[in-house]
Amino acid sequence: MQEDSPVQNENTPDTGQTAPPRRTGRRNRLIVLGAAALFALGLGGVAVATSGTDHPAPAAVSLDAQSRAEAATRADRSVRESSTPVTPSLSPTPSPSAVSASPTPAKTAAAKAKPKPKKTTRPTPAWVDPMPGAAVTSCYGQRWGTLHAGIDLALPSGTPIRAAASGTVTQAGDASDGYGNSVFIDHGNGYLTHYAHQSRIAVTVGQSVKAGQVIGYEGATGDATGPHLHFEVHQGMWNQIDPAPFMRARGVDLGC
């Protein structure tokens, strides 16, 4: 190896002697290595100082941990909320009047289509009792040596007297011969009915009457010992017949 040639310093007095040689290249290398070692020691000290301090972690790390914690909290809350039983809301039960006040269209149509039953009135029989509920005080036949030509029916004075059948009034007033106020009705079939001893007459001659219609009121006019109806049936004018079998044949029992 060739050694470096000696360099003479300009400030060195020339004494005529030769200076010892300097190894400048080797010295430079040592300087560079020392500087590198010092730089490495400085970095290590900085790392040691940093690790030994109580300063918090960098903000980026803190923000990332906080975000993870919040996400975990939200996930935990969603799980708890989804597992919480939901109580169904009970709707109020409708009242019966509301169900009885709104019928379905089908039922309404059926109700409209169903015909209403017609009111039927019981037809009046062709012949009726002239004074229903009355007590019989005398029947048709001989009495005191003479013919009692009718049936006597008694109720309190003023009881309504009804036509035994439909027909036309031929007489209304005092019939003489002890009958007092009387009404005669011609039934158009050859028979007439006679209603005597009335206190008041309610029809006039020529009037048409129906079976059961009120024609007067019970009384004691003429030869009568008390209020009663003297009822006769004539087969032709003044041809009296027994009213009991005649009326019985027509569905009316007068009690004789």
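Position 1 is the first residue of the sequence, and the numbers go up from there.
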For residues 235-243, which side-chain donor-acceptor pairs fall under 3.5 Å, sequence neighbours excluded?
{"residue": "N239", "atom": "ND2", "partner": "Q235", "partner atom": "O", "Å": "3.1"}
{"residue": "Q240", "atom": "NE2", "partner": "E232", "partner atom": "OE1", "Å": "3.4"}
{"residue": "D242", "atom": "OD1", "partner": "A244", "partner atom": "N", "Å": "3.0"}

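- Within the structure, disulfide (SG to SG under 2.5 Å) contacts touching residues 162-205 (residues at least two apart or in different chains) do not occur.
- Every residue two or more places apart in sequence or in another chain that forms a side-chain contact (heavy atoms from CB on, under 4.5 Å) with R200 is listed here: Y217.
- Transitive grouping of hydrophobic side chains (ILVMFWY, heavy atoms separated by less than 4.5 Å) keeps V136 and V128 in distinct clusters.
- Under the 3.5 Å distance criterion, the side-chain polar atoms of H228 are matched with a main-chain donor or acceptor of G226.
- Among pairs with a residue in residues 182-197, none fulfils salt bridge (Lys or Arg N to Asp or Glu O under 4.0 Å), at least two apart in sequence or across chains.
- Without hydrogens or angle criteria, H197 side chain to Y179 main chain gives a donor-acceptor distance under 3.5 Å.
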I'd like a table of donor-acceptor pairs (distance under 3.5 Å, sequence neighbours excluded) in which one partner is a side-chain atom from residues 205-215, with atom names and distances.
{"residue": "Q207", "atom": "OE1", "partner": "T204", "partner atom": "N", "Å": "3.2"}
{"residue": "Q213", "atom": "OE1", "partner": "K210", "partner atom": "N", "Å": "3.1"}

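- With sequence neighbours left out, Y140 forms a ring-ring contact (aromatic ring centres under 6.0 Å, His included) with no residue at all.
- Applying the side chain to side chain donor-acceptor pair (under 3.5 Å) definition to pairs two or more places apart or across chains, none involves residues 153-177.
- D129 is linked by a side-chain contact (heavy atoms from CB on, under 4.5 Å) to P132, L153, V252, L254, counting only residues two or more places apart in sequence or in another chain.
- Every residue two or more places apart in sequence or in another chain that forms a side-chain contact (heavy atoms from CB on, under 4.5 Å) with T137 is listed here: D152, A154.
- When the side chain to side chain donor-acceptor pair (under 3.5 Å) test is applied to R248, no partner is found at least two apart in sequence or on another chain.
- Under the 4.5 Å side-chain contact rule for hydrophobic residues, I161 and L192 do not share a cluster.
- In terms of hydrophobic clustering, with Ile, Leu, Val, Met, Phe, Trp and Tyr side chains grouped at heavy-atom distances under 4.5 Å, I185 and I151 are assigned to a common cluster.
- Of all the heavy atoms in A164 and Y195, the pair that sits closest is N-OH, 2.8 Å.
- Here ring-ring contact (aromatic ring centres under 6.0 Å, His included) pairs that include residues 144-178, with residues two or more places apart or in two chains, are H148-H230.
- The side-chain contact (heavy atoms from CB on, under 4.5 Å) search around A165 returns W127, H187, not counting sequence neighbours.
- Here the CZ-NE2 distance, from F184 to H234, works out to 5.5 Å after rounding to the nearest 0.5 Å.
- Closest approach of P130 to L229, counting heavy atoms only: CB-CD2, 4.1 Å.
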